[in-house]
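As structure tokens, the structure follows; a few thoughts come after it.
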Amino acid sequence: DAMVIQNPRYQVTQFGKPVTLSCSQTLNHNVMYWYQQKSSQAPKLLFHYYDKDFNNEADTPDNFQSRRPNTSFCFLDIRSPGLGDAAMYLCATSTDRGSDQPQHFGDGTRLSIL
Amino acid sequence: KQEVTQIPAALSVPEGENLVLNCSFTDSAIYNLQWFRQDPGKGLTSLLLIQSSQREQTSGRLNASLDKSSGRSTLYIAASQPGDSATYLCAVNTGFQKLVFGTGTRLLVSP
């Protein structure tokens, strides 16, 4: 049973055209994360929500925004995608931010930019 | 700034062989270390989590060790199987669940 669900699995958008990626979870976890993983690179944390508290990483471009309307859903908005934003985007959750809690990942959305 | 390195980048072994994957990190101030598996085009599956106060964790054929003072972790896979073929990533938790990942070791186990 999928517990962290990302939609769509594959997304194609045009250069500069806004795009939204979706993540939902059935785990009722407090924390949700968005990572960017470019080809053959390590996943890189973009931001996370602790409940409704938004935490942005210092080097996350302003082009990337996020919304969490409720516990179950979190969205990644890319306002004006550039060619360099083509990547796999991974959503993850954890119970809280305690050190004994593993992060649970979805299958990702692969974003292509035309 | 925390940096995580995984060696080797790729590994090919015959089925049944025992193998060790290595992970090193530059700053020993970590809360825990996680090993993940990533299949092609998929997300990450958590394999093992070692708290900073622990030395090792075991799950089935997998054993992970942590030497925080030297900045090293190893993932030992016993009696490897073709189904173990995947990319293995380690990640250190630098606080408040901020994970810093290595670039992974791509493992191929041939029948």
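Below, chain A is the first sequence line, B the second, and so on; all start at residue 1.
- Within residues 52-65 of chain B, no residue has a heavy atom under 4.5 Å from a heavy atom of chain A.
- Within 6.0 Å of the CZ atom in A:Arg68, the count of heavy atoms belonging to other residues, nucleotides or ligands exceeds 12.
- In the hydrophobic clustering of this structure, A:Phe47 does not group with A:Phe75; members are Ile, Leu, Val, Met, Phe, Trp, Tyr whose side-chain heavy atoms approach within less than 4.5 Å, directly or through other members.
- At a heavy-atom cut-off of under 4.5 Å, chain B is reached by A:Met88, A:Leu90 from residues 82-90 of chain A, listed in order of number.
- Side-chain heavy atoms closer than 4.5 Å link hydrophobic residues (I, L, V, M, F, W, Y) into clusters, and following such links, even through other members, never connects A:Leu111 to A:Val4.
- Applying the salt bridge (Lys or Arg N to Asp or Glu O under 4.0 Å) test to every pair with at least one member in residues 6-27 of chain A, sequence neighbours left out, gives no pairs at all.
- The candidate with the highest count of non-hydrogen atom pairs below 4.5 Å against chain A, out of B:Ala9, B:Gly41, B:Gly43, B:Ala91, is B:Gly43.
- Between chain B and the residues A:Gln6, A:Lys44, A:Gln103, the most heavy-atom pairs under 4.5 angstrom are made by A:Gln103.
- The minimum heavy-atom distance linking B:Gly102 with A:Ala42 is given by the pair O-CB, 3.2 Å.
- Following chains of ILVMFWY side-chain contacts shorter than 4.5 Å, one can reach B:Tyr88 starting from B:Ile50, so the two form part of one hydrophobic cluster.
- For A:Gln37, the part lying under 4.5 angstrom from a heavy atom of chain B is the side chain only.
- Residue A:Asp62 places its CG atom among 12 or fewer non-hydrogen atoms of other residues, nucleotides or ligands, all under 6.0 Å distant.
- Heavy atoms only, all atoms of each residue included: B:Leu44 and A:Pro43 are closest at CD1-CG, 4.2 Å.
- Cluster membership for B:Leu48 and B:Leu107, using ILVMFWY side-chain heavy atoms within less than 4.5 angstrom, is shared.
- Minimum interatomic distance between B:Lys98 and A:Leu45 (heavy atoms only, all atoms of both residues): CG-CD2, 4.2 Å.
- Neither the backbone nor the side chain of B:Gln6 has a heavy atom closer than 4.5 Å to any heavy atom of chain A.
- B:Leu99 touches chain A through backbone and side chain together, each having a heavy atom under 4.5 Å away.
- Looking at A:Tyr35, only its side chain comes within 4.5 Å of chain B, counting heavy atoms on both sides.
- Hydrophobic clustering (ILVMFWY, side-chain heavy atoms < 4.5 Å, transitive): B:Leu47 and B:Leu89 are in distinct clusters.
- With sequence neighbours left out, A:Phe73 forms a ring-ring contact (aromatic ring centres under 6.0 Å, His included) with no residue at all.
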